[in-house]
Amino acid sequence: MAARRLSWRDVRDRIHAQILAGRYEPGDKLPRDADIAEDLNCARATVQRAMQDLSDSGLIERRRKGGTHVRRDPVARATLDIPLTRREIEEAGGTYGYRLISRTQRAAPRAIRQRMGLSEAARLLRVEALHLSDGRPFLLEDRWVNPEVAPEILEVDLDVISANEWLVLNKPYTRFGLEITAEAADARTAGHLGIGDGTAILVVERTTWIDDSPITSVRAMMAPGYRLLAET
């Protein structure tokens, strides 16, 4: 029977254990992502996702052209784990459903360009989709994707796989921006989520980059009852 491929969490835990055991001490440079991937027989993207989590937790630091080092003074940080929406629903015991609302390629509005640091000429892929749990609305996403960084997504059948899932699996980020607010749902959002106009909802806006290149910016609107967990 073929050996199970390591997940990014497996890779993260192995590197974390090596640091705690003293194999890599504060200030030490870690092997290249490609070398770790070859050593562990996993995808380079898996190693990149693991390294990003270790960086977000304050244990390592990654520098462009400078490699990855164990931090000399590790920083205790809260980490926000935003998993695949499908997996989030299934792990809570629900049956996952998904519906693509719209897919267009157009010039991005000013607010999106500013959030992603793009020029006025930027044309992005806009994807609106609804995720369901047991047939009921769970999360409405309004996403903008930069085809300069993720050109492959233009060929992806987003009726079959969500942009959320494809990007998590194929475009690991190196940094992100996050904003969480509570808002009153407008009529269009309320209609998609099956709630009353003006109902209070949780809104998460997240933008991710690979180095200085923006990948995607998403506005995720959650139905009442959604829980977002952070851990240290």
Side-chain angles (χ1 to χ4, degrees), residues 8 33 43-46 48-49 51-52 55-56 62-65 80 82-88 96-132 137-181 183-193 201-223:
W8 70 265
D33 292 355
R44 184 174 178 180
T46 301
Q48 290 173 332
R49 180 66 181 87
M51 289 297 195
Q52 182 60 48
S55 177
D56 291 342
R62 288 164 74 78
R63 301 172 186 167
R64 190 175 185 181
K65 297 183 180 180
L80 185 65
I82 304 178
L84 297 178
T85 304
R86 173 184 57 78
R87 185 176 301 160
E88 188 176 13
Y96 176 69
Y98 163 76
R99 178 164 63 87
L100 178 66
I101 298 171
S102 67
R103 169 185 179 150
T104 57
Q105 196 167 356
R106 48 170 289 194
R110 176 179 297 179
I112 297 299
R113 295 198 309 267
Q114 290 177 339
R115 189 181 304 158
M116 299 177 75
L118 292 168
S119 69
E120 293 185 8
R123 288 183 60 83
L124 305 181
L125 176 67
R126 186 185 187 185
V127 180
E128 295 179 283
L130 183 65
H131 303 264
L132 305 104
F138 179 82
L139 182 152
L140 174 65
E141 71 170 89
D142 184 359
R143 180 183 297 274
W144 296 81
V145 184
N146 182 7
E148 292 291 325
V149 177
E152 305 93 336
I153 199 170
L154 297 178
E155 305 301 323
V156 174
D157 186 351
L158 296 178
D159 280 304
V160 176
I161 183 172
S162 71
N164 160 258
E165 184 154 353
W166 188 88
L167 287 164
V168 168
L169 296 175
N170 293 277
K171 290 295 174 180
Y173 58 84
T174 59
R175 65 185 180 94
F176 68 93
L178 184 71
E179 182 176 343
I180 303 174
T181 58
E183 300 181 12
D186 59 26
R188 186 171 185 272
T189 300
H192 283 304
L193 291 177
I201 58 172
L202 180 70
V203 178
V204 175
E205 293 180 292
R206 186 175 76 256
T207 305
T208 57
W209 289 263
I210 297 176
D211 297 325
D212 296 326
S213 301
I215 309 169
T216 184
S217 185
V218 60
R219 176 178 167 88
M221 294 149 279
M222 290 73 168

Qualifying residue, where the test is side-chain hydrogen bond (donor to acceptor under 3.5 Å, both in side chains) with E128 and the options are R99, R188, H192, R143: R188

Measure across R103 and V156 and return the closest heavy-atom pair with its distance rounded to 0.1 Å. NH1-O, 2.6 Å

Nearest heavy-atom pair of S217 and T207: which atoms, and what distance? OG-OG1, 3.0 Å

Which pair of non-hydrogen atoms, one from G177 and one from W209, has the smallest distance, and what is that distance? N-CZ3, 3.6 Å

Taking only residues two or more places apart in sequence or in another chain, which ones pass side chain to side chain contact (heavy atoms under 4.5 Å, CB included) with E205? R115, E179, V203, R219

Is the shortest heavy-atom distance from the side chain of E152 to the side chain of N170 under 4.5 Å? no

For the side-chain contact (heavy atoms from CB on, under 4.5 Å) test, which of N146, I153, L167 pairs with T216? L167

Would you indicate whether the side-chain heavy atoms of Y98 and E165 approach each other to under 4.5 Å? no

So, taking the atom named CG in L125 and the one named OG1 in T104, what distance separates them when rounded to the nearest 0.5 Å? 7.0 Å

So, do L193 and L130 sit near enough that their side-chain heavy atoms are less than 4.5 Å apart? yes

Interatomic distance, T85 atom OG1 to L132 atom CG [nearest 0.5 angstrom]: 11.0 Å

From L158 atom CG to I101 atom CD1, the distance as rounded to the nearest 0.5 Å: 12.5 Å

Could you walk me through whether E141 and N164 pass the side chain to side chain contact (heavy atoms under 4.5 Å, CB included) test, one step at a time? CA-CA 9 Å; E141 71 170 89; N164 160 258; 3.6 Å; yes

Distance in Å, R206 CZ paired with L178 CG, rounded so as to fall on 0.5 Å steps: 7.5 Å

Which heavy atom of A223 sits nearest a heavy atom of P137, and at what distance? CB-O, 3.6 Å

Checking side-chain contact (heavy atoms from CB on, under 4.5 Å) between Q48 and each of Q52, M51, R44, which is the one that passes? R44

Indicate yes or no: at least one non-hydrogen side-chain atom of Q105 is less than 4.5 angstrom from one of L154. yes

Student check: side-chain heavy atoms of D142 and M221 closer than 4.5 Å: yes

Would W166 and D157 count as a side chain to side chain contact (heavy atoms under 4.5 Å, CB included) here? Give the steps. CA-CA 10 Å; W166 188 88; D157 186 351; over 6 Å; no

Only one of H131, R87, R86 forms a side-chain hydrogen bond (donor to acceptor under 3.5 Å, both in side chains) with Y96, so which one is it? H131

Is there a side chain to side chain contact (heavy atoms under 4.5 Å, CB included) between L124 and L118 once you walk through the steps? CA-CA 10 Å; L124 305 181; L118 292 168; 3.9 Å; yes

Before you tell me yes or no, could you show the steps for W144 and R106 under side chain to side chain contact (heavy atoms under 4.5 Å, CB included), namely the whole-Å CA-CA distance, both residues' side-chain angles and the distance that decides it to 0.1 Å? CA-CA 10 Å; W144 296 81; R106 48 170 289 194; 3.7 Å; yes

Taking side chain to side chain donor-acceptor pair (under 3.5 Å) as the test, write out the residues that go with D212, two or more places apart. R64

Would you name the heavy atoms of E148 and P151 that are closest together and state the gap between them? O-CD, 4.1 Å

Under the 3.5 angstrom rule, does the side chain of K171 hit a backbone N or O of V149 as a donor-acceptor pair? yes

Please check if atom CD in E183 has more than 12 non-hydrogen atoms from other residues, nucleotides or ligands closer than 6.0 Å. yes

